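Structure, as C-alpha cells:
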Amino acid sequence: MAEAGTTYLLNKLDILITVIQKEAGLLGGVEEEIEHLMGELSWMRKYLHEADARHTIDDDPEIQQIIDLTYKAEDVIDDFVFQVQRHRRRQKELSSVPFLKMRFLKRFMLRIRGLPGLHEFKRQIIAINKKSDRISTNRTKYPTGREHASASFPLDEDDDQYSYPQQRIKRRPIVEELNVVGMADSIKQLTSLLMPTKVSSSSEGHNKQQLMVVSIVGMGGLGKTTVATNIYKTTDTDRYFNVTAWVYVSQESRVVDLLRSIIRQVTNDNYYCENRGKDEAELRMMLYNYLLERRHKRYLIVLDDVWHTYTWKHLQSAFPETNNGCKILLTTRNLKVARLADPSHDNIHVLRLLDNEESWELFQKKTFPLGGGCPPEFVDLGKKMVDKCCGLPLGVVVLGGILMIKDKTLAAWSKVHDSVNWELTHGENSNLCSGILAFSYYDMPYYLKPCFMDIGLFPEDREIRASKLFNLWIAEGYVRREGDKTLEDTAEDYLEELIHRSLIKIGRWRYDGRVKTCRIHDLLRDLANSKSQKLRFLQVNQRDFRISTATNTRRLSIHGDPVNYTDEGTDFEYVRRFRSTRTVMFHKVQELGAKSSSFFTALCRDSRLLTVLDIESSMHGKSIPAEIRYLQHLRYFSCNATSNLKILEYVGEFVNLQTLIIKGKCIYMPDIWSLHQLRHLDVDLTFSEGYSVLSNRNLVIDNLTNLQTLSISYGFWMNDVRWDRLKMLKKFSITTFGQLRFKKEFIDSIAKLTSLRSLKLMFGKEIQIATQFAQNTNLTKLYLRGPLPEFLFPPNLVKLVLSSSNRSDTDLMVVLGNLTRLKFLEFRPLSYTASTMTFPTGLFVRLQSLEIAGFPDLCELIMEEGALISLTHLVIRSCELLMNLPERIGHLQLQVLQLYNMHPRLTDRLKENVGENWDQIKHIPSVVITQ
C-alpha cells in the first residue's frame, strides 16, 4: 500500500505542476521544489516496491519514515491545490459581476500573483525535501536492482509495474456455482436433520417434531457458510419450509439488528422492520408472536457465523417451541455456542478438512473454470502448492484465484510456488494456509491493494453495494482514468479482478448481469485490516469506541456510539490525533445524541482534510453542526437525515464534492449549481414555505455536466433545466409529490439524454412519456409510476416496472410483448386494472421473470400458446379474486413459483399432493405459497 501511496502522490504532483504552469505568476521557485520532490518520490517508490516484495515493509524504520513523509506531502499538496481552486473561483465570481468587472480586473491579476499561502506552501515543500534528503543521504539506499532482495523471494521485473493498465479488456466475473467439493456427505447429513421426510405438510410425522437447532461447527475458511447456503437454496428447502430467513451474525452484530432483519424476511413486509423505536425486548416479542400465530407453518431461520453464547441467549426466546418441524440452522466457530443451542449435542455437525484428492479437485475447478483440468506438466508443481493449503477450502480457492490469472507457464507457476514457500517460511502467518492468504495480498498489483484494504472500513459480513465501493475508491483517488473509459467503469474492472482472485465474494447480481453487491470473508477482512493498521492506512473502532494509541491514521471506521467522549473529558483529545484523517465512516450509530454530536463537532473542527464522510446513522432531532463548513476537501458525503442539515447551507463551498447522498427530507440547496465536480447526487428536497417557486429555479442543475447519477424530488424549477446538457447522465430518478405535473418540455429535454441507461419517473398526473423515449437505445431499465396514455417504449429495455398506470386495454400487453430484449417485468399495484390479463401468442419471448402484485380486480390470467417461452420466475401477490392459475403453466419451464396473500380457494387447490390442481405445478422445483 505504501508503494501505491507514493505512486498516487506522484500523480498528484503531476496535476499540481500543471496547475502551477497555468498560472504564470505562481512559479516563484515552487515548480523547482516540486520537481525535486518528484525525483525523490520516484526512488522511494522503487525502494518501497522491493521492500514490499521482501515483506519487510511493515517493520523497516526507514519505510515508516517514507510513509510519514508521503502522508505529510499529500496533506500539504492537497491543501494548496484547494487554495488555488478557491482563489480561482472567487476571482471568477468577482469578474462576472458587470459593474465590478473593470474595477477588479487589475486587482484580479495582482491577486493571482500574490496567491494567499504560496510562500507557506513553498516553505513546507522545502522542509519536506530536506527531510527526504536526510532519509536518502546516499541514493544507493534506494536500490533499483536485486542486490537487497531475498534470493528465495522473486521480485517482479515488469518495467511497467508502476503504470496503470491501459485498454483493459472488459471481463465479466465468472458465475461461481456453490463449490461443494468434499462437502457432499455433510450436506446429506444436515439435510436429513433439517428435512427428515421431505413429504407433504399434512404428514403426521411432522406434527411430532419439536423446534430443533442444528449447528455446523468449524474453523474459519472451512466452508460452513457454503454448506449452509447449499442447503438453504435447494428446492427441497422451499417445499418443506413455508417461511425462511437468513442473517449474518458476526462479532459486531447487535441483537436488535438481527431481530429486525429476521422480522423483515419472515413477514415479507417492511412494516415490521420499520419500528425503529422498538427495543430488543419488543422486537423479540413481535417475532415470537408472529411465528406463534402461524403454528401450521414451518420456518427455517439461518444464523450464520455466531461468535458468542450471548447472541444465542438473547435470540433464543424469540423462537416459539412448535411441534411442526421448525428448525434453526446455526453456523459457528465456537463449539460452546453449538452446545448451548443444542444441550443434547445430537444435532452438532463438525466439518472436516479436505483430503488431498478433494483439495486438488477444488483447485482445478477454480484455476481452470472452463474445464479441461490441469495440464500434465503443471500437475506436480500444482500439487505441491495445494498441499500448503492443508485442506482448508478458502486457501485452495484463493491459491486457484492467483494462478487463474497468471500465464500458464512453468516459470510463472514456479514464481508463485517459490513466493508461497517464502511466505510460509519467513512470514508471520505460517500456520495452516494463512501464508497463502498473506501471499494473495502481496501478489496483488499496487493499484488493487488500497481498494482491497478499503473494504475493511465496512463491518464484518456486511453486504456492500458495488456502486458505493466505486464512488469511495474514486473519491479516495485510487482509480485513474484509462483511455475513454469513465472512472466508474475502471473501478468496476478493479472489483472484477478482486472477484477473480477470490478475495471478494459476489452477493447479488444486477438485472444486466453486473455485480450489484459483494462481501468479503472475515479471514480476508482480518488480513486487510492487519496490513492497514501497520501502514496506518485504516483503523477500525468497535463497540465502546476505544481508540488505540496510533496517530495519523488516514481512514477511520467507527462501529457503535462514541458515548465515552465529551468536550470536557481528556479522552476527547484523541480527535486531535487524527488531524490528517481523510476518511471517516460511522456504522451502526443509532442516533447522534448530545455526546456524539459533540464528538462530531470536534471531528469537523480538527480533521479539515477529510475527503470522505459517511454517516450510517439516524439524526433524529439533530442537525449536523455548522463546523462541517470546515471540511472543504470533501469529495464524498453521505448521511441519513430526518432534519435540516447544516451542510446544505454551505454546500456551495464544497467545490470538490463528487458524491452527495442524503437519505430523508432535507431543505432546499441554493448553491448546488456550483458543484461542478459532482458525479452522483441523491437527495430528497423538501421546499419550505420560505422559498418561492422563483427561488427554486436557482438550482441551475444543468451546470453539473459531470453528473452520472441523479436521484431527486421534482419541483417546478425542473421545467426550466436544460437536461440535454447533462451528457454524462446514466441513471436518473425523479419523484413527485401531490399532483405536480411534468411539462412536455421537461420530458422532451430528458429524452435527449442519449446516455441514459436507467430511468425512474414516479408521478401522479398523466404524462406523455413513452413516445418521447422510443429513441433512447441505451435505456435498458425503466420504472414508471403514474397514468400512461401511449405505449412506444425504448426498444432495448431489459427491465420494466410499471405502477399505477391504470390501463385496462389489451394494447399494453401487445406493446410490451414486442420488446424483444425484455427479461424482467413487474406489474405493481394499479398498473393494470382489467379483470383479465392475457399474454398473447408468440410474445414475451425472452422474459425470464414476471411479477404481478396488487391487482384487486384480476380474475383470470391467460398465457396463450408460444408466449413466455423463457419464463423461469413467476411471482403473484395480493390478487384476491384470482381463483386459478393459467392452464398452460404446466408447459412453461418455471423454476420458481411464489404466491403471496392469494384467495384460500386457490392455495387449497395447489396444496402439495392433495390439492386438485397440484399436478399443474408439481414439476416446478421451487414453490412458495403463503397467505
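In this text, all values refer to a predicted model and were calculated from it rather than measured experimentally.
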Quick test of your reading of the model: are [X] and [Y] salt-bridged, counting only N-O distances below 4.0 Å?
X      : Y      : result
Lys911 : Asp908 : yes
Asp236 : Arg239 : no
Arg254 : Glu280 : no
Arg525 : Asp522 : no

Separation between [atom1] of [X] and [atom2] of [Y], rounded to the nearest 0.5 Å:
X      : Y      : atom1 : atom2 : value
Ile262 : Trp246 : CD1   : CH2   : 13.0 Å
Met219 : Arg333 : CE    : CZ    : 10.0 Å
Thr234 : Ile187 : OG1   : CD1   : 9.5 Å
Ile464 : Lys468 : CD1   : NZ    : 9.0 Å
Cys518 : Leu498 : SG    : CG    : 9.0 Å
Ile455 : Leu538 : CD1   : CG    : 11.0 Å

Review point. With no hydrogens and no angle check, do the side chains of Asp238 and Ser926 hold a donor and an acceptor under 3.5 Å apart?
Key: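 The answer is yes; a qualifying pair exists.
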
Check your understanding: Asp304 and Thr331: side-chain donor and acceptor closer than 3.5 Å?
Key ->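 Note: Asp304 and Thr331 side chains meet the donor-acceptor criterion.
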
Practice item. Decide yes or no on side chain to side chain contact (heavy atoms under 4.5 Å, CB included) for Thr311 and Leu258, but give the supporting numbers first. Key: CA-CA 10 Å; Thr311 304; Leu258 298 175; 4.0 Å; yes

For the residue pair [X] and [Y], establish whether any side-chain heavy-atom pair is separated by less than 4.5 Å.
X      : Y      : result
Glu463 : Arg508 : yes
Arg519 : Phe458 : no
Leu394 : Leu523 : yes
Asn230 : Met183 : no
Tyr299 : Pro320 : yes
Arg465 : Lys516 : yes
Val214 : His349 : no
Leu906 : Ile929 : no

**Study point:** Criterion salt bridge (charged side-chain N to carboxylate O under 4.0 Å, His left out) on Asp185 and Lys188, from CA distance to verdict
**Key:** CA-CA 5 Å; Asp185 289 342; Lys188 183 177 180 180; over 6 Å; no

Between [X] and [Y], is there a donor-acceptor pair closer than 3.5 Å when you use the side chain of the first and the backbone of the second?
X      : Y      : result
Lys366 : Val397 : no
Ser532 : Phe537 : no
Thr244 : Leu300 : no
Arg298 : Tyr240 : yes
Ser530 : Leu527 : no
Ser215 : Val217 : no
Ser878 : Ala853 : no
Glu282 : Asp279 : yes
Asp342 : Asn347 : yes
Lys224 : Gly218 : yes

Testing the basics here: between [X] and [Y], what is the closest heavy-atom pair and its distance to 0.1 Å?
X      : Y      : value
Gly456 : Val540 : O-CG2, 3.5 Å
Val584 : Phe586 : CG1-CE1, 3.7 Å
Phe319 : Leu287 : CE2-CD2, 4.0 Å
Leu399 : Val386 : CD2-N, 3.9 Å
Leu503 : Ser440 : CD2-OG, 3.6 Å
Pro393 : Gly221 : CD-O, 3.4 Å

Exercise for review: Test side chain to side chain contact (heavy atoms under 4.5 Å, CB included) on Val914 and Trp918 and set out the steps.
Suggested key: CA-CA 7 Å; Val914 296; Trp918 165 245; over 6 Å; no

Check your understanding: Angle class for the Tyr310/His314 ring planes (parallel below 30°, perpendicular above 60°, tilted otherwise)?
Key ->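 The rings of Tyr310 and His314 sit tilted, inter-plane angle from 30° to 60°.
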
Check your understanding: Heavy-atom count around Lys505 NZ within 6.0 Å, excluding the residue itself: above 12?
Key ->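 Counting other residues, nucleotides and ligands, NZ of Lys505 exceeds 12 neighbours.
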
Point to revise | Over 12 foreign heavy atoms within 6.0 Å of CD, Glu916 | key: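 For Glu916, atom CD is crowded (more than 12 foreign heavy atoms under 6.0 Å).
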
Check your understanding: So Val247 and Leu303, side chain to side chain contact (heavy atoms under 4.5 Å, CB included) or not? Walk me through it.
Key -> CA-CA 5 Å; Val247 289; Leu303 306 176; 3.4 Å; yes

Practice item. Go through the steps to decide whether Phe363 and Lys383 satisfy the test side chain to side chain contact (heavy atoms under 4.5 Å, CB included), and finish with yes or no. Key: CA-CA 9 Å; Phe363 171 78; Lys383 287 187 174 181; over 6 Å; no

Exercise for review: Flag this pair as yes if the NZ/CZ of Arg501 is under 6.0 angstrom from the six-membered ring centre of Phe452 and inside a 45 degree cone about the axis; otherwise no.
Suggested key: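 Arg501 over Phe452 ring: no.
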
